[in-house]
> 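Would you mind keeping the following structure in view while I ask a few things?
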Amino acid sequence: MKIGLDISQIVYPGTGVARFTEVLVNSILEYDNKHQWLFFFSSLRRNLDRQLEKKILQRGHQLVKW
């Protein structure tokens with residue numbers, strides 16, 4: 001199954017939504033081998049962590065930045 005998830009809020013550390021999103025994404029990458037994930041990211045002034053971006057792509061999932 002293909003599942004999409006907006007992870008844009010992950011770039012605002014210290015907020016509850018950012019912490020939840022970070023833990024959720026890391027758990028998905030660690031434990032879910034059945035589904036194809038499509039992670040969406042958008043931010044005008046902040047960049048996604050390079051290590052997380054690399055981890056998403058290494059696991060065979062897609063990352064869409066706009």
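Remember, it's a predicted structure, so these values are computed and weren't measured experimentally. When reading the values below, keep in mind they use all heavy atoms of this one structure, side chains included, and skip hydrogens, waters and symmetry mates.
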> Would you say that Ile28 contacts Arg59 through its side chain, given a criterion of any heavy-atom pair below 4.5 Å between the two side chains?
no

> Check Ile7, Val64, Leu5, Leu63 against Phe40 for a side-chain contact (heavy atoms from CB on, under 4.5 Å) and give me the one that passes.
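Per the side-chain contact (heavy atoms from CB on, under 4.5 Å) rule, the option paired with Phe40 is Val64, out of Ile7, Val64, Leu5, Leu63.
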
> Going through the distances and angles, do Phe41 and Ile56 end up as a side-chain contact (heavy atoms from CB on, under 4.5 Å)?
CA-CA 12 Å; Phe41 176 77; Ile56 289 170; over 6 Å; no

> State, to 0.1 Å, how close Val11 and Arg46 come at their nearest heavy-atom pair, and which atoms those are.
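The answer is O-NH1, 2.9 Å.
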
> Does Gln58 CD have over 12 foreign heavy atoms under 6.0 Å away?
yes

> Under the side-chain contact (heavy atoms from CB on, under 4.5 Å) rule, what do Asp6 and Thr21 come out as? Steps first, then yes or no, please.
CA-CA 9 Å; Asp6 183 353; Thr21 304; over 6 Å; no

> To the nearest 0.5 angstrom, please state how far the NZ atom of Lys55 sits from the CD atom of Glu30.
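One finds 6.0 Å between NZ of Lys55 and CD of Glu30.
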
> Ignoring hydrogens and angles, tell me if any N or O in the side chain of Gln62 forms a donor-acceptor pair with the backbone of Gln36 under 3.5 Å.
no

> May I ask whether Tyr31 and Met1 are part of the same hydrophobic cluster, defined by side-chain heavy atoms of I, L, V, M, F, W, Y residues being less than 4.5 angstrom apart, directly or through others?
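Not linked; separate clusters.
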
> Treat each ILVMFWY residue as a node, draw an edge where side-chain heavy atoms are under 4.5 Å apart, and state whether Ile10 and Ile3 are in one component.
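As far as the 4.5 Å side-chain criterion goes, Ile3 and Ile10 are connected within one cluster.
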
> Taking the six-membered ring for Trp, are Phe39 and Trp37 parallel (under 30°), tilted (30 to 60°) or perpendicular (over 60°)?
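Geometry flag for Trp37 against Phe39: parallel rings.
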
> Please report the C-alpha distance between Leu38 and Lys2 in whole Å, then the side-chain angles of each, then the deciding distance to 0.1 Å, and finally whether the side-chain contact (heavy atoms from CB on, under 4.5 Å) criterion is met.
CA-CA 7 Å; Leu38 179 61; Lys2 280 192 173 185; over 6 Å; no

> With side-chain contact (heavy atoms from CB on, under 4.5 Å) as the test, would you mind laying out the steps for Ser8 and Ser42 before giving the verdict?
CA-CA 5 Å; Ser8 299; Ser42 176; 4.0 Å; yes

> Drop me the distance from Glu53's CD to Asp49's CG, to the nearest 0.5 angstrom.
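Separation between the atoms: 9.0 Å.
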
> Quick one: CD on Glu22 to CG on Leu24, what's the gap to the nearest 0.5 Å?
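Rounded to the nearest 0.5 Å, the CD-CG separation comes to 11.0 Å.
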
